[in-house]
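Everything on this sheet refers to the single structure shown next.
Proteins come first, then strands; the chains are lettered A, B, ... in the order of their sequence lines, and each starts at number 1. The shown structure was predicted, so the numbers you read here are calculated from the model rather than taken from an experiment.
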2 protein chains.
Amino acid sequence: MKKADLSREPGVPRRNNTQQILNAAEKIFSAYGFAGARVDDIAKACALPKANILYYFGSKEELYRATLQRLLVGWLADADQWISIKHTPIVGLEGYVRAKMEFSRSRPDASRLFMHELLAGGEYVRVFLDSTLREHVEQKALVFEYWHKEGLCAPVNATHFLFTLWSMTQAYADMQVQFAAVLGRRRLNITDFETGISTIMQLVGAICRTSQPLTSHKQADTIQQKAATKRNRIPQ
Amino acid sequence: MKKADLSREPGVPRRNNTQQILNAAEKIFSAYGFAGARVDDIAKACALPKANILYYFGSKEELYRATLQRLLVGWLADADQWISIKHTPIVGLEGYVRAKMEFSRSRPDASRLFMHELLAGGEYVRVFLDSTLREHVEQKALVFEYWHKEGLCAPVNATHFLFTLWSMTQAYADMQVQFAAVLGRRRLNITDFETGISTIMQLVGAICRTSQPLTSHKQADTIQQKAATKRNRIPQ
DNA sequence: GTCTATACACAGATAGAC
DNA sequence: GTCTATCTGTGTATAGAC
């Protein structure tokens, strides 16, 4: 009795298998990192022969690079959409936190894989960190500057504030085992993530409501928008 | 020319070496995790023969357990000292954040090792998570409850609030590579940690200042204490 | 293109000299 | 107690049958 010979048409098996392999690789690499993962485990996770995997990707290292690459694509998309002068801080930051938390909930392995890479020194994401991510943060800092000038948010170190947003939201993936244990569960459920969002937004509120109110005429009708921790719309 | 034959008196070499090995093990395990670390790398890191290490600890797994054990001891001490009804929220939480950040700064490897263990599933810290840590959090939740009843802090989900404090502070160790890259440095410096503390305390301020002020007579002279983000004293 | 069988290197562990 | 030399299982990678 063969395992999983579903969707294995002889014509286009390669593209089909490639995705299966990448999914399995993300799962295994996210648990044990590059050095700790075994190609054989990845093979078992996608029910494909080990040699098959190495045939497609050439080597374990190339497979690792490909897995990371797929991860980084779209990693920054959420921030571009939500941390923008098109939104008020309260709306934009909640949208961002919700998007990051949804990522932690639906693709925890992706988040964990990235953390593994950072723990190991970030050799394989060096270019991404030094160029792409750094420039990204500089752009977002301009948005916070704008928000502050408009009297929409308190003065804050935008870079370190982003650090806190990343760490709080990604922790719901990376530290899920710890959080679940404290809550007496085996895994976090959807309600836990909602409670997390509410708690994070409570903290973020310290930034959204200006501690030193400016006299901007725009202030009154913007910062009064309530947190709306249950919705996830684009107001515009 | 021999390496490091300093402090190797024939009488008590064992206890001496044991510490050296544990230090090296923490360093290597924190970078690659249990599965990814090589005993030989640990041997090189402490300039001792591989067989020597296995002689002292029996196996790689036993060495890993011992390294984790040393880590968990005192992991919770900071919280017991600072998250206490002896302090006001503003003083206690800043003390706690400072202590956690100092840990991330001075012993980043310890923090990273714990993260590695969580990513791998937490098998070796299962008992700690399910019993010790869980009970610890329940105790701390009582402190937050007390603080809220006294009108000293806003209503907050104590468990998830602790999650945010852990994640924000430990990220300065676990994500140090990423943070440093964004800041254009090779490593975080002491100023970066201070800025991090300030930013975190800005967020924590949302909890310390009650959003729904109670009429407690104690309120006026307690919540007015300023953040004092530069000091670190115990006000009794 | 796919997969079985295998080569080769390396890791953890141990035997035994000192 | 300490450490060199070595055994044995496991891991990556590949050769070659189908």
Expressed as a whole number of angstroms, how long is the span from [X]:[atom1] to [N]:[atom2]?
| X | N | atom1 | atom2 | result |
| --- | --- | --- | --- | --- |
| I28(A) | dG11(D) | CD1 | C1' | 15 Å |
| F29(A) | dG11(D) | CZ | C1' | 13 Å |
| R38(A) | dG9(D) | CZ | P | 17 Å |
| L48(A) | dG1(C) | CG | C1' | 12 Å |
| F34(A) | dG11(D) | CZ | P | 14 Å |
| Q20(A) | dT2(C) | CD | C1' | 16 Å |
| D40(A) | dG9(D) | CG | C1' | 14 Å |
| I53(A) | dT2(C) | CD1 | C1' | 13 Å |

Sub-3.5 Å pairs of nitrogen or oxygen atoms, protein against nucleotides 13-18 of chain D:
| from | atom 1 | to | atom 2 | distance (Å) |
| --- | --- | --- | --- | --- |
| dA13(D) | OP2 | K60(A) | N | 2.8 |

Tell me every residue that passes side-chain hydrogen bond (donor to acceptor under 3.5 Å, both in side chains) with N157(B), counting only those two or more places apart in sequence or in another chain. none
Apply side-chain hydrogen bond (donor to acceptor under 3.5 Å, both in side chains) to D40(A) and list each qualifying residue two or more places apart in sequence or on a separate chain.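 Residues passing side-chain hydrogen bond (donor to acceptor under 3.5 Å, both in side chains) with D40(A): K44(A).
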Think Y56(B) has a side-chain N or O under 4.0 angstrom from the OP1 or OP2 of dT2(D)? yes
Picking from dG12(C), dC3(D), dC3(C), the nucleotide nearest the side-chain atoms of N52(A) would be dC3(C)
Please confirm whether the backbone N or O of S104(B) pairs with a side-chain atom of S111(B), one donor and one acceptor, at under 3.5 Å?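 Not at all, since once roles are kept as given, no pair shorter than 3.5 Å links the two residues.
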List for me each residue that meets side-chain contact (heavy atoms from CB on, under 4.5 Å) alongside T67(B), sequence neighbours excluded, and say none if there are none.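 For T67(B) the side-chain contact (heavy atoms from CB on, under 4.5 Å) partners, ignoring immediate neighbours, are L22(B), A25(B), E26(B), F29(B), L63(B), L113(B).
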Shortest non-hydrogen contact from W82(A) to H87(A)?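 Answer, listing the atom of W82(A) first, then H87(A): O-CD2, 3.4 Å.
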Of all residues at least two apart in sequence or in a different chain, which pass the salt bridge (Lys or Arg N to Asp or Glu O under 4.0 Å) check with E62(A)?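 Listed in chain order: R65(A).
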Strictly by salt bridge (Lys or Arg N to Asp or Glu O under 4.0 Å), give each pair with a member in residues 168-191 of chain A just once, sequence neighbours left out.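 Non-adjacent pairs meeting salt bridge (Lys or Arg N to Asp or Glu O under 4.0 Å): R185(A)-D192(A).
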Over all strands shown, is A37(B) touching base, sugar-phosphate only, or nothing at heavy-atom distances under 4.0 angstrom?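 Counting heavy atoms under 4.0 Å across all strands, the contact made by A37(B) is with sugar-phosphate only.
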